[in-house]
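Each chain gets a letter, A, B and so on, in the order its sequence line appears, and its residues count up from 1.
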Amino acid sequence: MTDVSLHPAEAPRQGSPALLDIRGIEVIYDEVILVLRGLSLAVPEGKVVALLGSNGAGKSTTLKAVSGLLSTERGEVSDGSIVFDGKNITHFDPARRVRAGLSLCMEGRHVFEHLTVHENLVAGAYGRRGGNAEDFDLVYSFFPKLADLRTRVAGYLSGGEQQMLAIGRALMARPRLLMLDEPSLGLAPLLVQEIFGYIRNLNQETGLTVLVIEQNARRALEIADHGYILEQGRIVIDGTAAELSENPDVKEFYLGMGDAGRKNYRDVKHYRRRKRWL
Amino acid sequence: MSTFLNLTVYGLSDGAILALAALGFVLIYKATGVINFAQGELLLIGGYTLYLTFVVFKLPLVLAVVVGAAIAIALGVVIERLVLRPLIGENPISVIMVTIGLAALLNALVQIGFGTQPVHRPRILPDDPVRFAGAQLPLDRLLVIVIAAVVLGVFTMFFRYSRHGIALRAVADDQQAALTVGISVRRAFALAWALAALSALIGGVLLGDITETSPRLAAFGLLVFPVVILGGLDSVPGTIVGGLTIGLTANYISGYWDAGFAQIGPYVLLILILLVRPYGLFGETRIERV
Amino acid sequence: APGGDSADEEGPIKVGMIADLSGPTSDVGSRYHKGMLGYVKWLNGEGGVDGREIEALAEDYAYDVPTAERLYKKFVNEGAVAIQGWGTGDTEALSSKITADHLPFMSASYAEELTDPGKTPYNFVVAPTYSDQMRVALNWIAEDGGGKADVAFFHNDSPFGLAPLDDARTWIDEKGLEVDLEAYPMPAGAANYVGLLSQAKSQGAKYIVIQNVSSPAAQVAKDIAAQNLDMKIVCLNWCADELFIETAGKAAEGHVLVQPWAPANSGVEGHAVIDEFLKGEGSSLAEEGLHYAQGWYTMHAMVEGVRGAIEEEDLSGEAIKDALENAGSIDTGGAIGDGAIEFTADSHRGSSATGIYEVKKGEMTALETGVAPE
Amino acid sequence: MSVTSELSSGAEKEALVRTRAYRFELNSSRVAVGAPLLEVADVSLRFGGIRALSEVSFTVRQGDIHAVIGPNGAGKSSMLNCVSGLYRPQRGTIALHSVTEADEERTHDLVARKPHQIARLGVARSFQNIELFGHLTLLENLMLGRHSHMRQSVLAGMAWFGPARRQEIEHREFVEEVIDLLQLQAFRHAHVGSLAYGVQKRVELGRALCIEPALLLLDEPMAGMNAEEKEDMARFILDVSELRGVTTMLIEHDMGVVMDLSDRITVLDFGKVIGDGRPDEISANEDVVKAYLGEEL
Amino acid sequence: MSALSTGTYFTSYRREWALRRTRAEYLRLGLIVVGLAVLPYSIDFYWLSIVNMILIAVIGAVGLNILIGYTGQISLGQGGFLAVGAFSSALLYQRAELPAPISIACAVVITAAVGAFFGLPALRLKGLYLAIATLASQEIIVFVARRWEFLRDGSAPLTVDRLHIGGFEITRELFEWQWYWILLGCAALSVLAARNLLRSPVGRSFMAVRDQDIAASAIGVNVTRAKVTAFAVSSGFVGFAGALLAHYTETVTWESFTLQVSIVYVAMVIVGGLGSVAGAVYGAIFMSLVPVLLTEFLVPVAGAVDWVSESLPAIENAVFGLVIIGFLLFEPRGLDRLWQRSKDYFRFWPFRY
Ligand SMILES: Nc1ncnc2c1ncn2[C@@H]1O[C@H](COP(=O)(O)OP(=O)(O)OP(=O)(O)O)[C@@H](O)[C@H]1O
Ligand SMILES: Nc1ncnc2c1ncn2[C@@H]1O[C@H](COP(=O)(O)OP(=O)(O)OP(=O)(O)O)[C@@H](O)[C@H]1O
Ligand SMILES: [Mg+2]
Ligand SMILES: [Mg+2]
């Protein structure tokens with residue numbers, strides 16, 4: 001508990017200079033709904049950072065702000081700034097951010113349903129003139145299953161297959177920072193394991209920097225170097241993965257652990273608990 | 001036999017022009033999900049653009065066509081920029097309404113600029129007849145078929161294989177996802193409108209050549225609907241099949257039966273085909289999984 | 001209450017005009033309308049009617065019937081004493097209303113049934129009806145074909161297009177013409193009429209009578225030329241004009257136009273006044289076309305009714321109607337038919353004679369003028 | 001039948017139901033507890049060249065929570081879609097048993113029926129990607145769950161006063177009870193499209209309950225939730241099953257949830273059944289571990 | 001406890017279901033009623049005739065909105081269905097000499113049946129495919145109306161005798177005035193009936209089909225039935241409007257029911273606001289008034305300049321196009337939404353949120 005900073009915005013930034021630095025951003029939707037309230041976080045080059053938080057906390061919104069998708073949902077960054085690789089990208093258009101090396105793999109997969117797997121990958125490398133054979137080989141080597149599905153129409157793939165495709169597509173842009181929004185959503189345990197394995201491999205083998213949102217906190221903290229916990233539009237806790245895994249609140253609310261290991265779902269009672277940091 | 005051959009040639013050339021008009025429609029629909037009710041007006045603008053460059057500005061034909069194409073493309077981009085871009089992400093039905101407003105506006109602009117009477121410009125295509133198998137076949141119509149075939153072929157290849165073609169289809173599927181891979185949705189939309197205006201220019205010029213350049217050109221746009229539905233709203237090759245089917249049906253009906261039915265024949269055909277294939281002959285089935 | 005409030009006061013006499021200036025028939029509609037406005041301007045310049053000016057309440061209805069109905073009410077409300085309409089749609093839709101409101105009505109729709117005051121007492125048809133034009137055309141064809149002819153009747157696929165057909169059949173029987181007449185509806189908006197022509201060809205038709213507007217008729221002419229067919233078009237009224245010749249270009253040569261209104265090049269005495277007026281406006285009748293004169297003299301006929309009513313010091317619809325019925329022959333200086341328009345209490349058929357023209361070197365050249373069906 | 005339950009005795013359960021004072025029976029199945037409710041036999045489903053299901057057979061018994069697990073693309077959702085009539089298998093039978101008021105046993109062949117007819121038999125479901133009526137309020141969504149129990153008259157609806165309003169009140173009471181059960185009071189008039197994801201999942205469960213299900217099908221009810229939210233959802237599912245006796249078929253990827261909640265598990269892989277049994281049997285099944293579980297657990 | 005709470009629920013349902021709840025809403029309703037009552041005494045009969053046409057359009061637009069806005073089935077066949085209603089009622093009243101209320105009622109039923117028939121493709125078609133299939137129904141219906149001589153009086157169009165019901169007859173002097181009250185009653189009833197229907201199970205099933213038809217079928221909504229019913233109900237309203245139009249205009253000709261009419265109705269529904277009964281009313285008013293007001297406004301402005309006055313109609317059309325475009329750019333969700341927004345604005349004022 002002691003090492004965990006409760007006020008991350010004021011906390012000194014540790015480690016190498018951050019590749020992505022979000023400085024106190026505020027996001028509003030529809031000109032009325034304030035979702036992020038002065039959120040700050042930093043993703044150091046070459047690291048894996050996990051962003052945790054309950055539903056509706058604003059995790060996806062954060063990634064949308066970084067990748068420039070807010071405008072499509074009547075949202076905007078109304079305060080603060082987003083710095084990527086030393087450049088203030090707060091108001092870049094999305095295509096330019098992709099070219100700068102930011103790649104987002106959206107929540108809910110969002111593959112191009114009517115395109116084949118191969119065409120999806122071609123589209124993924126759009127900013128790089130369609131990609132070369134090497135790019136395809138890389139993706140197919142990480143996801144051999146995709147190679148078999150090459151000519152299938154993406155819309156009819158199963159959820160897990162679509163998720164692989166979505167990550168593969170994001171890789172086609174050869175990003176410097178890969179942002180993954182709930183990559184394990186709806187995936188079978190074996191696959192979750194595999195996908196997190198891939199992410200770790202990618203990070204270790206290619207030095208790719210990763211920012212990952214995850215509900216499966218255990219898995220995320222296993223591969224992450226650093227973690228942030230987001231509640232109601234603010235960072236409430238941050239720390240190294242190890243620190244977070246030991247934090248009792250994180251254990252109870254995110255890792256589903258009682259005092260003695262994992263709790264049986266049948267033992268859960270009807271009462272409302274309150275997170276101590278709120 | 002010669003009658004049949006004749007009707008076939010006329011049917012094909014009508015169909016080829018319809019396919020060109022429908023092509024623009026499909027491009028816009030496919031990339032932006034917008035049903036463009038101003039397609040007939042784009043045809044109209046196309047016809048008058050050449051009149052403007054060729055007759056009013058007295059440019060040599062080739063230059064007139066090039067300048068005309070530039071104007072058409074610019075118009076497409078301007079329409080996209082001013083009218084449709086602000087509506088990205090809105091209910092498609094509202095966007096349809098905007099194109100209806102656009103149709104009224106474009107039509108009125110042509111009337112303000114050129115009046116309501118037909119304008120006269122020299123023909124571009126040679127109109128001497130060629131004799132073939134005992135039939136008198138008009139050369140201009142044959143040329144229309146050839147030109148349209150080439151244009152449609154190029155567009156089809158572009159859409160299917162080129163990176164930009166794939167990008168347009170990607171945008172059509174999921175705009176947000178397209179943004180995340182670095183495709184500029186705005187540019188894609190502008191491209192779709194520019195290409196649509198360009199194909200409408202070609203269609204309008206050809207149509208003006210074999211009929212007349214007058215506000216009536218816009219009415220031809222209505223026939224685009226049965227064409228695209230037959231072929232499938234989002235299928236580029238479908239426009240060719242749809243166009244030719246409608247062109248031939250209308251001509252055979254008026255050649256062998258009551259020509260009045262040629263007007264609703266396409267619609268009856270359309271309903272029959274839709275009952276068997278709800279997404280047209282080549283349309284993409286909407287992917288619905290739960 | 002409806003029916004010309006301002007009628008008896010001093011001040012301008014209001015006439016409503018429902019015009020197609022932007023709709024599907026606006027190419028001719030705007031010329032016709034300009035002619036009417038031109039006449040009003042000229043007349044007012046001449047001192048109006050008995051010192052009172054005519055005020056044109058004119059609006060575009062774009063050939064949209066509901067709009068025509070609205071404009072009608074508007075004009076009535078503003079105190080119009082008579083209404084000038086335009087097409088078949090508005091004329092038909094308004095006929096029961098003008099009857100109820102007692103408002104004299106003229107338009108460019110020359111359907112035969114409008115000439116019967118027993119049914120439509122307030123409709124006045126200044127020109128020979130479509131049926132009369134058709135009768136003249138048939139007579140001419142029978143003669144030109146050497147007593148025998150196969151005729152294809154291409155018509156707009158609507159009541160307007162079909163209007164003269166039954167009368168034509170009756171006429172053929174009555175007069176014992178050796179004419180074989182087949183009717184073919186023309187689909188709107190077609191890019192060619194080759195299908196129809198090949199049907200006409202297998203019928204053996206040498207003559208194509210067209211009851212439609214000039215654009216589709218010109219397309220038929222082009223298709224005949226492209227197919228090298230030995231067929232002669234006989235255009236009635238709405239396609240028998242300069243537009244047909246301009247649009248069809250050299251394909252128009254040799255075809256025949258049945259047109260009750262004298263073309264601009266005819267030099268009839270009635271055109272002098274128009275030309276004079278247009279010169280002052282920086283234009284000429286040759287530029288404005290024959291539909292200008294058509295509008296001009298249609299308005300003239302109506303104003304003659306108004307003049308009669310003013311003489312009776314009763315500017316009501318009834319009075320204008322009576323005046324028109326008793327005005328005797330209204331002189332048009334040869335601008336229409338045999339030169340005059342005349343209505344009676346039994347017949348609102350203003351004239352029945354028409355001219356027959358051939359297209360020669362891009363001009364309408366008279367074959368016969370002032371021909372009435374007989 | 002249930003492995004571990006804090007409310008093992010029937011009397012205790014009944015007492016709880018009584019103290020909560022529920023007026024309406026949620027469970028509409030009168031099949032005896034433990035007897036077969038749904039029998040899937042030899043079901044095969046193809047999409048063009050893809051075999052989504054081949055010769056799948058299993059039985060769901062009244063009162064159970066029956067989990068279906070398997071790798072992605074194994075055909076779990078397709079199986080559920082076949083049961084609720086959205087897909088029509090090329091081969092095989094799906095039989096639903098029921099007992100009428102007069103204690104007659106009936107068997108319904110679901111393959112031949114349309115989705116709304118199947119819903120009318122009491123088969124209710126939720127969807128993998130929330131499929132709520134986004135522009136409608138929560139109340140309207142739940143009232144739509146009552147749709148098959150309501151009379152549909154255009155004229156009465158237009159007149160409103162009289163039968164239409166009476167009917168509305170009657171069914172509204174049922175809906176209020178479901179709202180109470182799932183603790184949705186705060187959102188009654190909210191448009192469901194704007195509700196938080198976890199709440200939407202609950203609304204979907206509620207809408208299914210409003211059908212008065214004989215069989216409840218849940219397709220990944222806990223996907224995208226964190227541990228805390230999963231616990232809440234687990235509690236609701238257990239309440240529905242234990243307190244109200246609704247038979248539930250559950251697809252879920254979280255093995256903790258599956259193992260804790262279910263009475264029986266069927267495992268699919270590439271459209272085939274590769275395991276069927278109690279949770280402890282399944283976690284010991286090598287095929288299942290290899291194809292699906294990996295090192296988890 | 002539980003008995004008590006169900007008791008409170010019971011009384012609160014009624015309050016919940018009242019169409020208007022707050023005092024401001026009652027006040028507004030009162031103002032509208034007063035406005036409608038004094039309206040015919042404060043404008044001349046030309047403007048009253050426009051109001052009357054708007055009232056008819058309101059009925060048609062409310063009907064069309066049930067289909068497009070609430071059920072999500074786009075229809076371009078409105079003109080055709082208006083024609084069916086108009087011709088049916090006119091023929092029954094004129095030729096079969098049925099009393100007007102009965103002929104109108106029959107026209108409603110006939111149009112509903114025809115609408116349901118042409119709605120059958122909707123069972124297989126989705127979205128824009130359907131829109132264009134309904135375009136086909138428009139073309140086919142108008143073709144039949146144009147070709148079928150039975151629908152004419154000889155060579156003249158079908159005329160309809162001045163409306164008389166029992167001993168009551170519309171008089172020439174009070175024509176617009178009397179019609180105003182009739183049409184106002186009909187429109188008010190239609191609006192009320194539509195709002196009621198849309199909060200009943202039938203209406204909810206329409207919206208369910210619109211939002212998510214697969215889910216709708218899985219919870220027991222018979223999607224086929226809902227779609228056919230929506231087409232029938234919607235066409236019923238449209239048929240009602242068509243029948244009233246026939247009696248009001250006293251002449252029925254196919255030329256009043258062109259595709260243009262269908263498009264204008266779709267425009268009313270969209271400009272007003274999809275899926276809102278009030279929106280349909282606003283849309284009908286807006287789309288009917290804009291062209292009229294444009295002319296009123298532009299004619300005096302243009303009178304001076306020659307060039308302008310010659311292309312005035314075209315300029316009017318251009319402005320009309322611009323108004324529609326500009327409006328939708330400004331508020332793509334329609335007038336109803338604009339109204340809601342301005343209400344919110346004043347509620348939150350001076351705060352932005
Ligand atoms: N387009 C939008 N318009 C209005 N409000 C929105 C929009 N998108 C998100 N919100 C609101 O913003 C808040 C944060 O949403 P966000 O999607 O970022 O949450 P999240 O942390 O990703 O949750 P989840 O775990 O459910 O994905 C939510 O309350 C949501 O209702
Ligand atoms: N409507 C459809 N059309 C074509 N193929 C389909 C369709 N629905 C499912 N499939 C295919 O059937 C197979 C099984 O899919 P299904 O959705 O049932 O898998 P699942 O077991 O639910 O997987 P997940 O856990 O990822 O949801 C997949 O290969 C999928 O591509
Ligand atoms: Mg999220
Ligand atoms: Mg699934």
Looking at E:Ala194, E:Gly203, E:Gly220, which has the largest count of heavy-atom pairs under 4.5 Å with chain D?
-> E:Gly220
From E:Ser200 atom OG to D:Met158 atom CE, the distance as rounded to the nearest 0.5 Å = 9.0 Å
Sub-3.5 Å donor-acceptor pair from the side chain of E:Asp211 to the main-chain atoms of D:His135, do we have one?
-> yes
Working to the nearest 0.5 Å, report the span between CD of E:Gln212 and CG of D:Leu136.
-> 11.5 Å
Greatest number of non-hydrogen atom pairs under 4.5 angstrom with chain E, of D:Val154, D:Leu132, D:Leu121, falls to D:Val154
Approximate separation, where rounding is to 0.5 Å, of E:Ser205 OG and D:His116 NE2 | 11.5 Å
Among the listed options E:Ala193, E:Ala232, E:Gly236, the residue most often paired with chain D at heavy-atom distances under 4.5 Å | E:Ala193
Give the intermediate values and the outcome of side chain to side chain contact (heavy atoms under 4.5 Å, CB included) for residues D:Trp160 and E:Arg195.
-> CA-CA 9 Å; D:Trp160 185 248; E:Arg195 287 194 72 160; over 6 Å; no
Looking at D:Leu155, D:Asn141, D:Ile211, which has the largest count of heavy-atom pairs under 4.5 Å with chain E?
-> D:Ile211
Based on non-hydrogen pairs under 4.5 Å, which of E:Ile219, E:Val202, E:Leu189 is most in contact with chain D?
-> E:Ile219
For the side chain of D:Arg125 and the backbone of E:Ala218, is there at least one donor-acceptor N/O pair under 3.5 Å apart?
-> no
Under the side chain to side chain contact (heavy atoms under 4.5 Å, CB included) rule, what do D:Leu144 and E:Met207 come out as? Steps first, then yes or no, please.
-> CA-CA 10 Å; D:Leu144 270 162; E:Met207 294 181 258; 5.9 Å; no
Under the criterion side chain to side chain contact (heavy atoms under 4.5 Å, CB included), which of D:Met143, D:Met150, D:His171 is the partner of E:Pro201?
-> D:Met150
Proximal component of D:Ile118, with respect to chain E [non-hydrogen, under 4.5 Å] = neither
